[in-house]
Every structure is written in C-alpha cells, then in structure tokens.
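Structure, as structure tokens:
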Amino acid sequence: MPCDQHGPDDGASSRHDHARPDARAVPPPRSATPTTHLADPRGFLAALPTMARRSVRDSVLVLVVDRGDPRGLLHGTLDRLDHVLTAARSGAVAVRAALELSGGAALLAGFGPPERVDPHAGSFLAEAAAAGLPVLAAYRATGDRFWSYLCEGEGCCPAEGSPFDPQARATLWKPPGLVAEQRPGPPRRIDRQTVKPPEEVEPEKTDPVRVRALLEPVVGEQREAVAEAAALLEARLRAERGRDASRSRIRRVRSVVRRETSERVRAPYSLAMLGVAVLDLRVRDAVWARITPEEAPLHRRLWSRVTRHVPDRHRAGPASLLAVAAWQTGDTALARAAVQSALAARPGYAMAVLMERALGWGLSAERWTRHMAEHAGRFELEGGPGEGTEPGPDRAPPPR
C-alpha cells in the first residue's frame, strides 16, 4: 500500500502529509516547499488531465517544477512502463528527464491498480532520492480514492484511502508575473498572454535502451511456453494449406488484434499463434495492409511483444510488421532496428528488405499508407502461403 512507510532505500523516508506546505521532501530538499496551489492533493490530481491534454487512466505522471513554477510534465502509460521500460528502469528514465528540464522538485501521481502503479512509483522515489531530487508529493489514485506514498504512520491517510472526484478538472497555474521557461535554463519574465500549459516530455524516440527493450528476446518460462506452442502450431500450419486455411488464420489473427485494443495479449498460445500464422505470407500481407497510422500504435505494441517471445526462426515476420508499425508512428529508430532483427533471423526476407529500402530512400509513410490501401484487395484475395515465395512485394510494388 502506498500509505505504508517506505524504507530508506526506496526514497520516501521523510514524513509527508499530502504535500502540505510545511512538509519536507525526500533528502535533501532544495526549493522543496510546495506553493499553496500545489498543496491540495485533490486539486493536483484534478489538474493533471488538463495539463496532459489526454486521459491519465492507467498512467504515471510526474510534474516537474522549479520554485513552484512548471518545467514540464512526464507522462507514461502503464502498458509502456510495464513492457518497454519496466519498473527497474522507469524511475531512472523519469528522474533523468526531470533533471534535464532543470527541475528543482517533482510531484508524482499514478492512476491505476496498486499492483501496476506501485512498482513504478517506488522506482521513481528511489531514483529521486539517489539523485537528490526532492519529491513534494506522490499519490496513487485508484477509482475514486487516493493514497499518499509519503505517509508515515496510520494517522497520515486512512487505509481505505481518501475520496476524490476522478471527473473533476482544475487548473493549477494562472498566468503569473514570472514563469519558468519550459526548457532547461534560468527562468525569464514573459508576457502573461504567452503562458501555456507545461509541455509533455517523453523519452527520445532514438533512445537505444528503449529500442533494445522493444526487440530483445525475453528469457524464462514464458518464452519456453511460447516455443512449445509454436512447434505444435507450425506442424499444423504445414499440414493445413490452401486458401481456406489462410482465411481461417486471418480471422484468428484479426480476432487477437481486436482483443489487444482492450487488453494486453500475453497468453503463450496467442503469441505463438501470431508468430506462426504470419509464416503464411498471405496472412502476413493481410495484417500488413491493415497497419494504418490510426492502428499503428496498437500494432507496434503487439508485434513487439510477439517478436520478443517467439523462437528466433519465427522472428522475421513479426519484426517486419513491427517495423511497418513503428514507421507509421514516426519511430524510424525502432523501424530500422526491427528490420535488422528480421534480417538477422532470416537473411534476405523480402518484406524486411523492402522496408529497409523504403527507410533508406526516405519514402513517406503517408504515401506508403495510400499505396497499401490501393492494393489492400490484392492482399486479401490473391495468393497462398507458397513455400519460399514472397507474394506481397511482387503483387504490390512500392510507389515511385
């Protein structure tokens, strides 16, 4: 529970009563006294959706401030934090970003279930303490209740949490006479009319640690279970050939893709099924044709997970689909790395070669989307699995 006292190693040993103005943050505080408009936890929680300009559900946010003025807002969804950064690294990444913004202190709020929020909140508190970054407040909000991570003793906050209205909205900063710039550097005086909400700060898309985390194979029982299921499914795929079998696989794959919109697909059988299904090039091409800019973030998340779990011999297809999805979202660093992973798994894999050329030529992802839409019918209706063939690129050559 966040209300429990944290030990000295997790960076929250100092007493904190819901960010009251006289509270001291984790050691040693510098500019660590929250101003009045930050002292109310309900106002703080209600202001975060306004500042983030997006839903804060199942997310962890860190507001970076300096002398009570905003420097930036860090926002991470629990899906990304769990599967890309992990709790072991999420705190360090956020603290580094806060310091790069010249932050003098930080306030944290996690929205979601305790089993998912607590590891990342604890990681941030530990890293902030190690870096000497004061934490003025740290909360976890679940449903219509919130708890403080910085409480000390039973009198701080009730075990059942404190009530708040998750639908409430508030604004913390009205244009003051002096506002810190929203980039590193000393504060400067600016006109009241130019004051904007603190901008969202996300890790650089070129971060090699992030890219590696999205492609690095997992180890342990989960991948072993996927490999075992994949062996059985591959034998079935070799036995069941033809257009009808391909259509059935396409339906199953699309069903799992739809499921990813509401839950994370993590069952070993489902991950194995996706990896094996795209060995059928007709199935792979049908998925490829439906990766649109709107659907790309979902596909990037799903095919990254598949690529990391399936056996090496099955990585080329999922990694190539991941490359397409990453490219559609402007994440060219991940797209290039995914292409190389696909080619390492299967040298000369035509889809990966095609993507490598598209990236090398600087081909517009938007133009490619239009091209794929024009040829979507071909991907749906023609061809079969075809041992050793690559029907997708042959049927729909890249735009010139």
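In this structure the side chain of Leu274 never reaches within 4.5 angstrom of the side chain of Pro318, judged on heavy atoms. In this structure, Asp118 and Tyr149 have side chains that are in contact, with non-hydrogen atoms separated by less than 4.5 Å.
Here the CZ-CG distance, from Arg140 to Leu108, works out to 12.0 Å after rounding to the nearest 0.5 Å. Distance CH2/Trp303 to CZ/Arg308: 16.0 Å, rounded to 0.5 Å. Considering CZ of Arg71 and CG of Leu63, their distance stands at 12.0 Å, rounded to 0.5 Å.
The aromatic rings of Tyr139 and Phe44 sit tilted, their planes meeting at an angle between 30° and 60°.
Ion pairing between a basic and an acidic side chain is recognised when a charged N comes within 4.0 Å of a carboxylate O; Arg247 and Asp244 show such pairing.
Within 6.0 Å of atom CD in Glu115, more than 12 heavy atoms from other residues, nucleotides or ligands are found, so the atom counts as buried in its surroundings.
Between the side chain of Thr50 and the backbone N or O of Arg169, no donor-acceptor pair lies under 3.5 Å. Of the possible polar contacts, one joining the Ser341 side chain to the Ala337 backbone as a donor-acceptor pair under 3.5 Å is found. In this structure, the side chain of Arg300 does not engage the main chain of Ala296 through any donor-acceptor pair within 3.5 Å. A donor-acceptor pair is defined here as one N or O able to donate and one able to accept, closer than 3.5 Å; no such pair exists between the side chain of Trp288 and the backbone of Leu321. At least one donor-acceptor pair closer than 3.5 Å links the side chain of Ser320 to the backbone N or O of Ala316.
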For this session: Could you go through the side chain to side chain contact (heavy atoms under 4.5 Å, CB included) check for Leu85 and Arg80 one step at a time?
Result: CA-CA 7 Å; Leu85 294 177; Arg80 183 177 189 281; 3.4 Å; yes
For this session: Start with the C-alpha gap between Asp82 and Arg266, add the side-chain angles, then the distance that decides, and say whether salt bridge (Lys or Arg N to Asp or Glu O under 4.0 Å) holds.
Result: CA-CA 12 Å; Asp82 287 345; Arg266 302 178 66 178; over 6 Å; no
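Glu234 is linked by a side chain to side chain donor-acceptor pair (under 3.5 Å) to Arg313, His314, counting only residues two or more places apart in sequence or in another chain. Take Arg305 and apply the side chain to side chain donor-acceptor pair (under 3.5 Å) test, not counting sequence neighbours, and it matches Glu260.
Inspection of the Ser248 and Arg252 side chains reveals an N or O donor paired with an N or O acceptor under 3.5 Å. No hydrogens or angles considered: a donor-acceptor pair under 3.5 Å links the side chains of Arg264 and His83.
Heavy atoms only, all atoms of each residue included: Ala170 and Gly43 are closest at CB-O, 4.0 Å.
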